[in-house]
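Any value given below was found using the heavy atoms of this structure, including those in side chains, with hydrogens, waters and symmetry copies removed.
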Amino acid sequence: MTRKPVALVVVLAVAGVLALDTAVSAPPNPYQAPPILALGSGLAPGGAHCSAAGS
């Protein structure tokens, strides 16, 4: 195999996954989404391994 067929298969696979995700999932609700940057927002960290460092 050369690079072109492999690259084409990868691009088609990524496009297929994106199309499947778009068809199956609902659009995100921006009013329920967490803030992108929560610097100084007063929100407690959670859901990551680094959030358990203080406990």
Side-chain angles (χ1 to χ4, degrees):
M1 278 192 148
T2 61
R3 291 183 185 177
K4 286 184 183 181
V6 173
L8 182 63
V9 168
V10 170
V11 168
L12 289 176
V14 170
V17 168
L18 290 175
L20 178 67
D21 182 51
T22 303
V24 173
S25 63
N29 185 349
Y31 299 107
Q32 291 181 344
I36 295 174
L37 293 175
L39 301 174
S41 67
L43 295 176
H49 67 280
C50 57
S51 64
S55 56

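Side-chain heavy-atom separations under 4.5 angstrom define the hydrophobic clusters, and the remaining members of the one that includes V24 are L20.
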Can you give each donor-acceptor pair under 3.5 Å made by side-chain atoms of residues 1-18, sequence neighbours left out, with the distance rounded to 0.1 Å?
none

Enumerate, atom names and distances included, each donor-acceptor pair closer than 3.5 Å involving a side-chain atom of residues 29-36, sequence neighbours excluded.
{"from": "N29", "atom 1": "OD1", "to": "Y31", "atom 2": "N", "distance (Å)": "3.0"}

